Amino acid sequence: TQSIDISLMHLSNDGLKKVAKQVILEINTANDERMVAYRGSDRWIRTIQDSPIKESPIKDVNHLEPEWLRPGGTYLITGGLGGIGLTIAQHLAELGAGQLILLGRRSLPERSLWEDWIEQHAESDATSQRIQKVQAIERCGAKVISIAANVVDHKSMQQAVASAAANEKTTSGAIHGVIHAAGTMDDQLIMLKSRASAAAVIDAKVKGALILDDIFSAQPLDFFLVFS
C-alpha cells in the first residue's frame, strides 16, 4: 500500500493536469516508498534516521519513588482488562500502588473459580489470560478489584465507582487517580465509516471522559490521565 499526498489548493487547470501526471507516474514507477508527498515540483518522502540517546546521569531509576504516585494509593483504570489497561496496572503495581480498580465491559469470574477456569480452558482463552495477568499484578503487592461497567452510561459508572470505593479492599475508601484507557476499536477507511460507527468510537473516549470528570468533580484527584 502506498500513500500519495497532494495539495490541490490554488491550482489552475494546467496545474491539475501536471499533478495528475505526477500521480500516474508515481503509481507506474516501481519503488519502495510507502509515503510520498508532492508539493509543487518537489517530491517528498519519509525517512527515519537513528538518533543517539545520551546516557542518563541517574544510573539506577528503579529505586526512585515517582512523585505522582501515592504509595499504597488507589487508582481506577477504565478499559482495565484490555491490553493497555493491564500494562498500566502492572506498571502501577510495580511502582507501589496499593489498590487497582479495573473497569471493563465485563468483569472477571468470581475469584474462587479462577484456578478451575484456567484448568478448563485453553491457554489462548482471553479470560484465562486476563486472570493470569491480574495474578501477576497482585504478586507485585497490589490488590485488584474487577468491576463491569459501561463507560458511556453515567448511572452505570456512578454505581461502579461507588461499589469500588465501598469495596473492603479499598482501604481508604478514596480513589486517588483515574486513568481513562477504555476505547472501542472499529478501524475502517474514513470514506467507508458510518456516523454510528464513528460515534461509538468517539463516545467511549470523549463521553466517557466527560462522565468521569462529572463523577469526580467534587473529589480531588492526584491526576486524571486520558488516553487517545
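Predicted model only: the values in this text are computed from it and were never measured.
- With a 4.5 Å cut-off on side-chain heavy atoms, Gln22 and Leu25 do not count as touching.
- Side-chain contact between Asn150 and Arg105: absent, with no pair of heavy atoms (C-beta onward) separated by less than 4.5 Å.
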Walk me through it: do Glu26 and Arg43 pass the test salt bridge (Lys or Arg N to Asp or Glu O under 4.0 Å)?
CA-CA 10 Å; Glu26 184 70 44; Arg43 178 180 183 269; 2.9 Å; yes
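- Side-chain contact between Asp116 and Pro109 is absent, with no heavy-atom pair separated by less than 4.5 Å.
- The cluster map of Ile, Leu, Val, Met, Phe, Trp and Tyr, joined by side-chain heavy atoms under 4.5 Å apart, puts Val152 and Val206 in different clusters.
- Checked by atom type and distance alone, the side chain of Ser217 pairs as donor or acceptor with a backbone atom of Asp214 at under 3.5 Å.
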Apply side-chain contact (heavy atoms from CB on, under 4.5 Å) to the pair Ser146 and Val134, showing each step before the final yes or no.
CA-CA 9 Å; Ser146 169; Val134 167; over 6 Å; no
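- A donor atom on one side chain and an acceptor atom on the other are found under 3.5 Å apart for Glu115 and Gln135.
- Rounding to the nearest 0.5 Å places NZ of Lys133 at 12.0 Å from OG of Ser128.
- The shortest heavy-atom contact between Val161 and Ile175 is CG1-CD1, 4.1 Å.
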Given the rule in the salt bridge (Lys or Arg N to Asp or Glu O under 4.0 Å) test, do Arg139 and Glu94 qualify, once you have shown the distances and angles that lead to the verdict?
CA-CA 9 Å; Arg139 283 195 291 271; Glu94 291 171 354; over 6 Å; no
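- With hydrogens and angles ignored, the 3.5 Å screen pairs no side-chain donor or acceptor of Gln99 with any backbone N or O of Val144.
- Leu8 has its side chain within reach of Val19: a pair of non-hydrogen atoms, C-beta onward, lies under 4.5 Å apart.
- Remark: side-chain polar atoms of Thr87 are paired, donor with acceptor, to backbone N or O of Gly83 under 3.5 angstrom.
- Separating the CZ atom in Arg70 from the NE2 atom in His176 is a distance of 4.0 Å, to the nearest 0.5 Å.
- Atom CD1 in Ile145 sits 8.5 Å away from atom CG in Leu100 (nearest 0.5 Å).
- Taking both residues in full, the closest heavy atoms of Ile88 and Ile77 are given as CG2-CD1, 4.0 Å, listed atom of the first, atom of the second, then distance.
- Side chains of Trp44 and Asp5: a donor-acceptor N/O pair is absent below 3.5 angstrom, by distance only.
- Taking a 6.0 Å sphere around CD1 of Ile84, one finds it holds 12 or fewer heavy atoms contributed by other residues, nucleotides or ligands.
- Closest approach of Gln2 and Glu33 over heavy atoms only: NE2-O, 2.8 Å.
- In terms of hydrophobic clustering, with Ile, Leu, Val, Met, Phe, Trp and Tyr side chains grouped at heavy-atom distances under 4.5 Å, Leu69 and Leu225 are assigned to a common cluster.
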When you look at Thr127 and His121, which way does the side-chain contact (heavy atoms from CB on, under 4.5 Å) test go after all the steps?
CA-CA 9 Å; Thr127 299; His121 293 79; over 6 Å; no
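- Two different hydrophobic clusters hold Leu210 and Leu221 under the rule that ILVMFWY side chains link at heavy-atom gaps under 4.5 Å.
- Counting heavy-atom neighbours within 6.0 Å of Gln120 CD, excluding the residue itself, gives a total above 12.
- Relative orientation of the Phe223 and Tyr75 rings is parallel, given thresholds of 30° and 60° on the angle between their planes.
- The shortest side-chain heavy-atom distance between Trp68 and Asp222 does not fall under the 4.5 Å cut-off.
- Between the side chains of Asp153 and Ser156, not a single donor N or O lies within less than 3.5 Å of an accepting N or O.
- Scanning both residues, Ile147 and Ser107, for their nearest heavy atoms gives C-CB, 4.0 Å.
- The two residues Ala204 and Gly183 come nearest to each other via the heavy atoms CB-CA, 4.0 Å.
- Within the model, atoms NE2 of His91 and CD1 of Ile179 stand 9.0 Å from one another, a figure rounded to the nearest 0.5 Å.
- One distance of note links CZ of Arg39 with CG of Asp42; it measures 10.0 Å at 0.5 Å rounding.
- Hydrophobic clustering of Ile, Leu, Val, Met, Phe, Trp and Tyr side chains at less than 4.5 Å, counting indirect connections, keeps Met157 apart from Ile202.
- In this structure, the side chains of Val226 and Leu212 stay at 4.5 Å or more apart for every pair of heavy atoms.
- Within 6.0 Å of the CG atom in Asn13, the count of heavy atoms belonging to other residues, nucleotides or ligands does not exceed 12.
- Within the 4.5 Å cutoff, the side chain of Thr47 has heavy atoms near those of the Ile45 side chain.
- At least one side-chain heavy atom of Gln90 sits less than 4.5 Å from a side-chain heavy atom of Cys140.
- Ala164 approaches Ile101 most closely through the heavy-atom pair CB-CD1, 3.5 Å.
- Checking side-chain atoms of Arg46 against main-chain N and O of Met35 turns up no donor-acceptor pair under 3.5 Å.
- By the criterion of side-chain heavy atoms lying less than 4.5 angstrom apart, applied directly or through intervening Ile, Leu, Val, Met, Phe, Trp or Tyr residues, Val201 is not grouped with Ile211; the two fall into different hydrophobic clusters.
- For Lys17, the NZ atom sits in a loose shell: 12 or fewer heavy atoms of surrounding residues, nucleotides or ligands are nearer than 6.0 Å.
- Side-chain contact annotation: His180 with Thr78, donor-acceptor N/O pair under 3.5 Å present.
- Asp125 contributes atom CG, which lies 9.5 Å from atom CD of Gln132 (distance to the nearest 0.5 angstrom).
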